[in-house]
**Q** 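Here it is, the structure, as structure tokens.
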Amino acid sequence: MKVVDKIKSVTEQGQTAFSFEFFPPKTEDGVENLFERMDRLVSYGPSFCDITWGAGGSTADLTLEIASRMQNAICVETMMHLTCTNMPVEKIDHALETIRSNGIQNVLALRGDPPHGQDKFVQVEGGFACALDLVNHIRSKYGDYFGITVAGYPEAHPDVIEADGLATPESYQSDLAYLKKKVDAGADLIVTQLFYDTDIFLKFVNDCRQIGINCPIVPGIMPISNYKGFLRMAGFCKTKIPAELTAALEPIKDNEEAVKAFGIHFATEMCKKILAHGISTLHIYTLNMDKSAIGILMVVSHFLVKVFFFFLIMSPAELTAALEPIKDNEEAVKAFGIHFATEMCKKILAHGISTLHIYTLNMDKSAIGILMVVSHFLVKVFFFFLIMSLSTLEDLTMVLILQNLGLIDESKITRSLPWRRPANVFRTKEDVRPIFWANRPKSYISRTKGWNDFPQGRWGDSRSASYGTLSDYQFMRPRARDKKLQQEWVVPLKGIEDVQEKFKELCLGSLKSSPWSELDGLQPETKIINEKLGKINSNGFLTINSQPSVNAAKSDSPAIGWGGPGGYVYQKAYLEFFCSKDKLDTFMEKSKAFPSITYMAVNKAGNWVSNVGEADVNAVTWGVFPAKEIIQPTIVDPASFKVWKDEAFEIWSRSWANLYPEDDPSRKLLEEVKNSYFLVSLVDNDYINGDIFSIFA
């Protein structure tokens, strides 16, 4: 979908459209960390995210790869930057054809910065001289397929800003006229360069309207998270720094936590002013938030310390001197208070005292978290401990700003479907999937990317005849996840009881990773039945997928809701597990007394037993919504189960056994399980009175 259409759809409903920008990291680990961060931020519902092309076109291939994964795996509408730097038209067309084939419809057309080591942009042979040429080319060759965004410069392009930090009136007007040419050539959206003087942006918007530029103009907001980085970026872009901003930052410039807190406050105030002037779009430059810990957890040695929101602050002379310059800035005071108290605790612990008693002053909402919001907004309470990875906190600057503005509410985040739908233009109407890949959505997308049609309304309406074959791609894992699996799953396995214990620990929430899941920890609905799952795993039924029965739960229920408010959702209880042949035989015999139970079972060799027909498709999740047909997004399909079983059995080797040395007895045991056990798919069709666990009693 074109970004401009998404923005119009959101704003026409009286809501604010917000978006995030990222850049390609330099390392493989950085790329994987970026995807984890994107995944968290996308859960807040941005209208789109964009990825930069890289200075001098230096990250072209990586940008193309990241853009495709954003659109198809992270499932967010993606806009890819495309520049003219070092790009003859053949390379430009290659990039455009690549993203088109991956279902991406949005491009930010830029001239680009000079290549590394050069001061001025030079047109490459066979390439374009400016963004206007690029816009003309895209429209002439690709018609209306792409939504084209261009850059706007509230203070004029940096190339025409003079030594005094200002563009001449003539240069400013010329820059506006050039922007109008880009829009007239086919651009349908403008995203601005960063700015810190909101009045300059508002004047720019008015000036654009005066000369007939009527497309949406999205303000680019770059929160201040590091003082030196802020000065460097503002200098590079020749951005005006208001005197009051300099005055506020100067006293706290060496206190990183205070700068971050003030940066959130300042960006929030900028956005509030912009929104108050009737502009309902915001684009946030994240800078990938490297090394940022806006939660300001202060790591105190190796002790597990709970850091409370407010501390009883003492008043030695040096503390008074430090507080005086920032006493009227509440956010800076809070940040410095946590920093100061943490330094006190570090010194105490370093002297061998391992106890701390924190005076909370009975703060409302039990401020165990350390998220700071501006005084007139409610405190959101989070629990952060030292054992939590600081990388989890790196996106909180963006989240806090949006919370401050009331644009997101974690308690009301809803899913449009039980699974995240890809933004790929070819899959936008897809609304039915087999349940088997519920915990491995990226694998499912990769195995169905070759389909010409995707199921809509009913599974049988437009299903492609075949899945893509298994490849190494389905078993590739980020290094961080590989490390977590090593830590949690690589233990001595003396017998099948030890294997059962690992599955039980997973179901009870003691483990945060699973070889059979791309997701982190237990999903909310699993926690409803996790104790029952733990019991059957102890008895040799090794579960890898499940859902509880649901009868007319409200569609905005935090744990199981989807589709937005106003509807009701339903589920048949579902279990998927591995078990031995003996246990399967016992299970099948008992199932005869449970007429609402249907099952399919298959082993690695393909031996199949079932009490349903091989063409029977069973809807196990559905929803009823006002003025809509019934939606049934999750099904159990025998044909798909036979495809999934190959992947499920291969995970025993590729994602668990192979983590052990080749001659390790634990590895041999896991291979034996893989080769002898059955994979079972079980549905209790009585979603009102049924009890799927009673068959295991």
Side-chain angles (χ1 to χ4, degrees), residues 2-4 21 23-24 50-68 78-102 104-153 156-161 167 171-193 208 211 213 215 217-218 220 236-238:
K2 292 181 181 177
V3 164
V4 66
E21 179 173 297
F23 66 85
D50 65 344
I51 183 73
T52 67
W53 190 248
S58 56
T59 62
D61 291 339
L62 182 56
T63 294
L64 289 169
E65 177 189 343
I66 291 175
S68 177
T78 300
M79 177 190 294
M80 189 190 74
H81 292 211
L82 185 60
T83 75
C84 303
T85 306
N86 290 335
M87 293 286 288
V89 68
E90 293 81 10
K91 287 188 176 181
I92 287 173
D93 283 333
H94 169 73
L96 292 169
E97 293 288 356
T98 299
I99 62 173
R100 183 168 67 170
S101 67
N102 283 302
I104 298 173
Q105 275 194 285
N106 298 286
V107 176
L108 176 54
L110 302 161
R111 184 200 70 180
D113 299 321
H116 289 300
Q118 298 184 25
D119 296 329
K120 294 183 178 181
F121 177 86
V122 178
Q123 180 180 359
V124 69
E125 183 178 352
F128 299 127
C130 60
L132 176 59
D133 292 346
L134 182 54
V135 173
N136 279 319
H137 174 74
I138 295 172
R139 276 288 174 253
S140 64
K141 182 161 184 175
Y142 299 93
D144 193 47
Y145 175 81
F146 287 108
I148 303 176
T149 300
V150 293
Y153 300 89
H157 193 281
D159 286 356
V160 301
I161 294 177
S171 295
Y172 176 76
Q173 290 299 325
S174 176
D175 204 53
L176 280 180
Y178 177 68
L179 178 59
K180 188 173 189 305
K181 288 181 180 179
K182 291 192 288 185
V183 173
D184 291 344
D188 43 30
L189 186 70
I190 297 168
V191 174
T192 77
Q193 174 75 280
C208 287
I211 64 170
I213 297 176
C215 67
I217 300 174
V218 183
F236 177 77
C237 298
K238 299 184 180 179

**Q** Quick check against the 3.5 Å criterion: does Lys182 have a side-chain atom that pairs as donor or acceptor with the backbone of Ala109?
**A** no
**Q** Got a second to check how far Thr78's OG1 is from Ile66's CD1, nearest 0.5 Å?
**A**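 Between Thr78 OG1 and Ile66 CD1, I get 11.0 Å after rounding to 0.5 Å.
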**Q** So Asp159 and Tyr153, side chain to side chain donor-acceptor pair (under 3.5 Å) or not? Walk me through it.
**A** CA-CA 11 Å; Asp159 286 356; Tyr153 300 89; over 6 Å; no
**Q** To the nearest 0.5 angstrom, please state how far the CG atom of Leu62 sits from the CD1 atom of Ile51.
**A** 7.5 Å
**Q** Output, in order, the C-alpha distance, side-chain angles, deciding distance and verdict of side chain to side chain contact (heavy atoms under 4.5 Å, CB included) for Val218 and Thr192.
**A** CA-CA 6 Å; Val218 183; Thr192 77; over 6 Å; no
**Q** Rounded to the nearest 0.5 Å, what's the gap from SG on Cys84 to CG on Leu132? Could you check?
**A** 10.0 Å
**Q** Would you say that Phe146 contacts Leu82 through its side chain, given a criterion of any heavy-atom pair below 4.5 Å between the two side chains?
**A**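 Phe146 does not reach Leu82 side chain to side chain.
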**Q** Tell me the closest heavy-atom pair linking Ile161 and Ala156, and the distance in Å.
**A**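 For Ile161 versus Ala156, the nearest heavy atoms are CD1-O, 3.6 Å.
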**Q** Hey, does the side chain of Arg111 reach the backbone of Ala131 with a donor-acceptor pair shorter than 3.5 angstrom?
**A** no
**Q** Report the C-alpha separation of Thr63 and Thr52 in whole Å, then their side-chain angles, then the decisive distance to 0.1 Å, and conclude whether the side chain to side chain contact (heavy atoms under 4.5 Å, CB included) test is met.
**A** CA-CA 7 Å; Thr63 294; Thr52 67; 5.7 Å; no
**Q** Please confirm whether the backbone N or O of Val160 pairs with a side-chain atom of Lys238, one donor and one acceptor, at under 3.5 Å?
**A**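 No, Lys238 side chain to Val160 backbone: no donor-acceptor pair under 3.5 Å.
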**Q** Under the side chain to side chain contact (heavy atoms under 4.5 Å, CB included) rule, what do Glu97 and Arg100 come out as? Steps first, then yes or no, please.
**A** CA-CA 5 Å; Glu97 293 288 356; Arg100 183 168 67 170; 2.9 Å; yes
**Q** Grab the two heavy atoms, one from Leu189 and one from Met79, that are nearest each other, plus how far apart they are.
**A**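 Heavy atoms of Leu189 and Met79 come nearest at CD2-CE, 4.2 Å.
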**Q** Can you find a pair of side-chain heavy atoms, one from Val183 and one from Ile190, that are under 4.5 Å apart?
**A** yes
**Q** Going from NZ on Lys180 to CD1 on Ile213, what distance comes out if it is rounded to the nearest 0.5 angstrom?
**A** 7.0 Å
**Q** Looking only at heavy atoms, which two atoms of Ala151 and Leu110 are closest? And how far apart?
**A**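 So the minimum-distance heavy-atom pair works out to CB-CD2, 3.7 Å.
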**Q** Drop me the distance from Tyr178's OH to Cys130's SG, to the nearest 0.5 angstrom.
**A**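 One gets 3.5 Å once the value is rounded to the nearest 0.5 Å.
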**Q** If I compare all heavy atoms of Lys2 with all of Gln105, which pair ends up nearest, and what's the gap?
**A**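 Looking at all heavy atoms of both residues, the closest pair is N-OE1, 3.8 Å.
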**Q** Is it true that, when you exclude Tyr145 itself, more than 12 heavy atoms of the residues, nucleotides or ligands shown sit nearer than 6.0 Å to its OH?
**A**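 More than 12 heavy atoms, drawn from other residues, nucleotides or ligands, come within 6.0 Å of this atom.
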**Q** Taking all atoms of both residues into account, what is the closest heavy-atom pair of Val135 and Val150, and its distance?
**A** CG2-CG1, 3.8 Å
**Q** Quick check: closest heavy atoms across Ile104 and Ser68, and the distance to 0.1 Å?
**A** CD1-N, 4.0 Å
**Q** Can you say whether the rings of His137 and Phe128 are parallel (under 30°), tilted (30 to 60°) or perpendicular (over 60°)?
**A** tilted
**Q** For the backbone of Ile148 and the side chain of Asp188, can you confirm whether one donor and one acceptor N or O come within less than 3.5 Å of each other?
**A**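 The answer is yes, because a donor-acceptor pair under 3.5 Å joins these two groups.
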**Q** Measure the shortest side-chain to side-chain distance between His157 and Gln193 over non-hydrogen atoms and say whether it is less than 4.5 angstrom.
**A** no
**Q** Is Ser171 reaching over with its side chain to a backbone N or O of Ala167, donor-acceptor style, under 3.5 angstrom?
**A** no
**Q** Please evaluate residues Tyr142 and Asp93 with respect to the criterion side chain to side chain contact (heavy atoms under 4.5 Å, CB included), reporting the C-alpha separation (whole Å), side-chain torsions for both, the decisive distance (0.1 Å), and the verdict.
**A** CA-CA 10 Å; Tyr142 299 93; Asp93 283 333; 2.9 Å; yes
**Q** CG/Leu176 to SG/Cys208 distance, rounded to the nearest 0.5 angstrom?
**A**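 Interatomic distance, Leu176 CG to Cys208 SG, rounded to 0.5 Å: 5.0 Å.
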